[in-house]
Amino acid sequence: MNYSKSVTNMEKNFFSKADPFQKSSKYESKSRMVLPPPNITGKLHIGHALNAFVQDLKVRYERSFNNNKISWIPGTDHAGIATQIMVEKLLLESNIKKEDLGREKFLEKVWEWKEKYQDNIYDQLKKLGLELDWDQAKFTMDEDVQEAVSEAFCKFYKSGLIFKDNRIVHWDTKMQTAISDLEVRNEEVTGYMYYIKYYFENSLSEDSPKNTTEEPISENFVTVATTRPETMFGDKAIAVNPNDERYKNLIGRSAYIPMTDIKIPIISDERCDMEKGSGAVKITPAHDFLDFEIGKDHDLEVQNIIDKYGKLSGDSVPKSLQNIDRLEARKKIIKELKDKELLVKEEKIKHIIPHGDRSGSILEPMATKQWFLDMDSMASEAKEDIQNIAVFPQNYIKIFNHWMNNIQPWCISRQIWWGHQIPVWYFDDNHIYDLEKYNSYKKHGTNYLTSDYGQINKDNEQFSKNANLNHEFLNQVNFEKRFIVAKDIESARKIAKDIGIKNDSLTQETDVLDTWFSSALWPLVNSKEINSIFTNSLNQELNQKSTQELSKGLDPKNEEYPNECIITGSDILFFWVARMIMFCKFFSKKIPFKQIYLHGLVQDSFGKKMSKSKNNAMDPLDIIAEEGIDVLRYALLSSSVPGKNVKFGKQNIEKSRHFCIKIWNVFKFIKSNCSELFDVNIHTPENMEDNLKSGESSQTHDSQEIKKQNIPQEESSYNLPENLHPWNSFIVLKISDIRKTILDFISEWKIHEASNEIYKLIWEDFCSLYIEGCKSMLNSEHSMETKIVITESFKELIRILNPFMPVLSTEIFSLMENINPQTKAYNSNLTNKPCNTSCSFDSILDSILKKKSQKENQENETLIKSKTLDYIKEITEITDSIRYCKGVLGIENSIIYHVNIKQDHVGENIIQGSKSHLESNVEKDEVFYNIIEKLSGFKIHPSKEPKNDMTPYPLQQGVLYINFLDKDLNKLKNKIKKEKEKSYQDLSDAERKIENKQFIENAPTEIKEEIKERIAKLKQIVDNFDKVELMWSK
RNA sequence: GAGUGUAUAGCUCAGCGGUAGAGCACCACAUUGACAUUGUGGGGGUCACAGGUUCAAAUCCUGUUAUACUCACCA
């Protein structure tokens, strides 16, 4: 059964059967991690898949290799604006506008949508095969989250961080809401700069400028440049730079707004750029950020002339333009200005204009009343906090700090319906029932507070002494703006009653909070500490005392919070990660997570962002349907470098698919070649016996081991020899080495490096080298030993592979997990204790390194390792050389070629080397030659003297003699010549280095040793090259 | 304009002080072997450019030039 055909079944097993890797349920530690909650707007995209796979890898890695069980919490985000857009669109299909339904009915529809799409998202997440803790799934508008969000708002307000103000914000005319700076997408577009004449007051005749037919002269007007002429009806001044010689005389004069008889002053301001436009700029405080600031300083009126739909309105707008969309109006205005010769010129320019991230419509800066959260204090704290978080990649700390340094108050109110409604209740003067009481509170309340922001003025002792008034809640009431901040209507009513207001008059703020406001609390609301932080504190003042109480609520041993880590896309560092740090720290006094891992975005193979409109989006579930989970998963993991975008295309998928197939095939090989071990996993004794018998008959040779197995008192146990054959020790040592490398890479979040290491380990070391060589081992006296090492090594590989390919690894592991040949490890001799536990990879490793024996030390370990590696090196050097010749000369396998290894030089070395490894186990190491034969396809004859018809070929430590039959050797000779030259070059380079005094003085000893070794090797090589060339020339 | 990256093989990218790497593509050879969704070998690189630090630089620093992203910029 090939891989592609097996995938479906494998995945079925994966989802329906217990995870064999999860058998041990005892973990040293338990911790928590939250899934960045996907929006309930639609489908998962490939970026979600990458994000989820990285997290799932972390969970599996921590569980299997760190004894740390991470509870990974799924959830979904209500995504205010985005979802509202979708639902509105849906309703429009049946010709229903949200206004027709009204807020309540509309919200019902959204909740219906939520149910449906949350299920969708969860279904899709489940199809990715993730180890999520589904019992704890949460939605950002769940009741407890709503409470926490209200509470958070109140607390922010009481500590003076939230305020309501009339400020200029980015306004989305399509959604009719304000949005935050981060939700603005700047796009470069081609537009026009219009140069418009503003006539001076005293240059005019009695007639208004619109009637002028005279040729305009510069003494009569000033030219103002703008890209948005439609805003001119909101102009309150013309500003020039005080240092601008051209306009110095104009300061203090007035000019008329074209098409109107409105007169505005000409003022001077340093922020006015002399280089830009004409140097004179129209100031429209209501519709431009800088103008708003300038207007504030010059006491200019803020007059909105664009309504919330983007249509022109207001007294100063000419009748013909009233209620016309601003962009439409622009065209009309330009036409009229042209007609009236008020337009000096229009200039085609490229400029960047802000668009709504969600709606895509051109945003209008608009002065509106909004709720803001002051970020300054939290931001400066966050800059400290980020130092205590392990951030991967680290350079994002710089970016983080840069953003924090330039932070502005966050506009948190949205004029939409779907979201957390702001917990603020308004009252009006008509509803005061106890005026005396009200005024008394008002008086003291105003004194009590520094401003209308809610912050307590602690210096005001006078008020706190007044025992007749309940001042606890005073920082929740704003008497000037007539609102009460309270977590719910009951609390608001209570306060209202206290200050003499009829409580049935309260109306809640209709605005909702920015979606990211609730997201910022996500790690907190997903811990069980949510209650101790967000309840029963409404009537407490937020002071040191209650702060202490808050932090008391958090058990320091709490395994849930702070979270283990947060894994998310680098694009939402500011949107989400930064805000979580600030919010969670503010409320819990603790940094919400220990580590941050930021991955890049998944782009198409050309580096373009994937999107539906470009038709280059890849649906992860399509890929899964076609290729399987693991192929997608490994493809994403292996090509994801921390913080860098992934160019993702066919190639990534293909490499991954080939890898899966390779693993599946080698498993098939192992299964068929180590069949008797596999059969052991059928537990019934009768079966076992049968299987052992069949195992025996399937063996072509009558090996001792099999006989041993059949001895009843041994209960089919097999004694692993004291000294494993070096070919077998080699793979165990190799896996153990690379395992460490891989685990280190994962813990440093170098997942792409780890992926690459497991790839090389399985494909090159295990399949191409070890298993190929084992094909001869399996027919040797080492057969049983080899089978055990093959299966145990492979099981270990599969265990390491599990975080990368859970489906394939689970399938293979569950088919292999019961292969536990009852083996007595050799060390039972030493400890005198029968070691009849299953023979695990690590016990084999220990036995190779003779770990159980206390006499042994580190030195011995490295000696064993290096001896084993020498053996392998000798084999690979010979096979590589033969393969090289074969490749260069184009030799066919069907003809048997011979190789002589000259024993008086190379061979002896090798045989001695191998003997010492094999110690008493093997008398003569035929295996050595068999492996070379298997790997190279050449027949090997060890002998003292080569035959005359053989061609010498240089090795590092000697000479190979190869019978090339009648092949033309010129190609090879030329190659060797080149190789020789290169070796000479390398040698002289290395020698020059070692002769350099400064190098000797400064270089570290390891490097010096390395170079010395290299020189020794190169000398041998060069020497052999010379000898061989001499022989060839004969 | 400010910040942050990136420039390495034909393509997509790793490596980031001590002999230039992978996958794909290319060329040659092998042939049903666990694996044609294969194996083996090969060709192919002044590591953008210019300086500097260092015994040693693709790697660190400075500058230049491309290029990408983020933030600010609608006169």
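In this text, all values refer to a predicted model and were calculated from it rather than measured experimentally. Keep in mind that the numbers below use all heavy atoms, side chains included, and drop hydrogens, waters and symmetry copies. Letters A, B, ... mirror the listed sequences (proteins, then strands); counts begin at 1.
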Does A34(B) have OP1 or OP2 under 4.0 Å away from a side-chain N or O of Lys775(A)? yes
Select one nucleotide: of A72(B), G33(B), U12(B), the one nearest the side-chain heavy atoms of Lys647(A). U12(B)
Any side-chain N or O of Lys662(A) under 4.0 Å from OP1/OP2 of G39(B)? yes
Cation-aromatic face contact Lys345(A)/Tyr195(A), 6.0 Å, 45 degrees: yes
Which of these nucleotides, A34(B), A75(B), A72(B), is closest to any side-chain atom of Lys668(A)? A34(B)
Assign the ring pair Tyr634(A) / Tyr759(A) to parallel, tilted or perpendicular, where the plane angle (0 to 90°) is split at 30° and 60°. parallel
Expressed in whole Å, how much space separates the P atoms belonging to G5(B) and C73(B)? 23 Å
Is the gap between the ring centers of Phe766(A) and Tyr770(A) under 6.0 Å? yes
Side chain of Thr226(A) - closest among A72(B), A75(B), G3(B): A75(B)
What about Glu772(A): does its side chain form a donor-acceptor pair under 3.5 Å with the base of A34(B)? yes
Is the phosphate of G39(B) approached by Trp763(A) (side-chain N or O, under 4.0 Å from OP1 or OP2)? yes
When rounded to the nearest Å, what value does the distance between P atoms of U40(B) and U46(B) take? 28 Å
Base, sugar-phosphate, or nothing for Asn652(A), non-hydrogen atoms under 4.0 angstrom? nothing
To the nearest angstrom, how far is Ile352(A) atom CD1 from U70(B) atom C1'? 12 Å
Thinking salt bridges, do Asp291(A) and Lys282(A) make one under a 4.0 Å N-O criterion? no
Could you tell me whether Asn406(A) contacts a base, only the sugar-phosphate backbone, or nothing, with contacts defined as non-hydrogen atoms closer than 4.0 Å? nothing
Between Thr227(A) and A75(B), does any side-chain N or O lie under 4.0 Å from OP1 or OP2? yes
Roughly how many Å apart are C47(B) and C13(B), using the C1' atom of each and rounding to a whole number? 13 Å
Looking for any heavy atom pair under 4.0 Å, which part of the strands does Arg883(A) touch: base, sugar-phosphate only, or nothing? sugar-phosphate
Could you tell me whether Lys1017(A) contacts a base, only the sugar-phosphate backbone, or nothing, with contacts defined as non-hydrogen atoms closer than 4.0 Å? nothing
Mind checking if Ile399(A) touches a base, just sugar-phosphate, or nothing, with heavy atoms under 4.0 Å? sugar-phosphate
Rounded distance in Å between the P positions of C24(B) and U67(B): 32 Å
Looking only at heavy atoms, the pair that brings His170(A) and Val184(A) closest together is CD2-CG2, 3.4 Å
d(CD1, Ile994(A); P, U19(B)) in whole Å: 13 Å
Assuming nearest nucleotide by heavy-atom distance, tell me which of Asn645(A) and Tyr192(A) is located more 5' along RNA chain B. Asn645(A)
Quick one: label Lys655(A) by what it contacts on the DNA or RNA (base, sugar-phosphate, nothing), any heavy atom closer than 4.0 Å. sugar-phosphate
Compare side-chain N and O positions of Lys398(A) against OP1 and OP2 of U70(B) and report whether any pair is under 4.0 Å apart. no
Looking across every strand, which nucleic acid part, if any, lies under 4.0 Å from Asn395(A) by heavy atom: base, sugar-phosphate, or nothing? sugar-phosphate
Give Cys885(A) one of three labels, base, sugar-phosphate or nothing, depending on what nucleic acid heavy atoms sit under 4.0 Å from its own. nothing
Syn or anti: how is U6(B) classified when any glycosidic angle within 90° of 0 counts as syn? anti
Taking only the side-chain nitrogens and oxygens of His658(A), find out if one of them lies under 4.0 Å from OP1 or OP2 of U38(B). yes
By the 4.0 Å heavy-atom rule, please label Val666(A) as base, sugar-phosphate, or nothing. base
Classify the nucleic acid contact of Leu363(A) as base, sugar-phosphate or nothing, counting any heavy atom under 4.0 Å across all strands shown. base
Go through RNA chain B and write down every stem, that is, every run of at least three consecutive Watson-Crick or G-U wobble pairs with distances under 3.5 Å, as range with range. B:1-7 with B:65-71, B:10-13 with B:21-24, B:26-30 with B:38-42, B:48-52 with B:60-64
Trp403(A), Phe400(A), Trp410(A) screened by ring-ring contact (aromatic ring centres under 6.0 Å, His included) with Phe574(A), the one that passes: Trp403(A)
What does Arg185(A) touch in the nucleic acid at a heavy-atom separation under 4.0 angstrom: a base, only the sugar-phosphate, or nothing? nothing
Charged N-O contact under 4.0 Å between Lys934(A) and Glu772(A): no
Taking the six-membered ring for Trp, are Phe667(A) and Phe794(A) parallel (under 30°), tilted (30 to 60°) or perpendicular (over 60°)? parallel
Quick one: Lys982(A) NZ to G43(B) P, roughly how many Å, whole number? 11 Å
Looking at Glu757(A) and Lys760(A), does any basic side-chain N land under 4.0 Å from a carboxylate oxygen? yes
By the 4.0 Å heavy-atom rule, please label Phe574(A) as base, sugar-phosphate, or nothing. sugar-phosphate
Taking N or O atoms only and anything under 3.5 Å, show me the protein contacts with nucleotides 15-18 of chain B, one pair per line.
residue : atom : partner   : partner atom : Å
G15(B)  : OP1  : His752(A) : NE2          : 3.4

Any idea which of C74(B), G41(B), A72(B) is nearest the Asp880(A) side chain? G41(B)
Distance check needed: C74(B) P versus Asn186(A) CG, whole Å only. 10 Å
NZ/NE/NH1/NH2 to OD/OE distance under 4.0 Å, Glu230(A) and Arg228(A): no
Note: Lys1008(A)-Glu1010(A) ion pair, threshold 4.0 Å (strictly below): no
Separation between the C1' atoms of U38(B) and G44(B), rounded to whole Å: 24 Å
Can you tell me if the side-chain N/O atoms of Ser768(A) get under 4.0 Å from OP1 or OP2 in U40(B)? yes
Taking Asp986(A) first and then Lys982(A), would you say they form a salt bridge - that is, a charged N and a carboxylate O separated by under 4.0 Å? yes
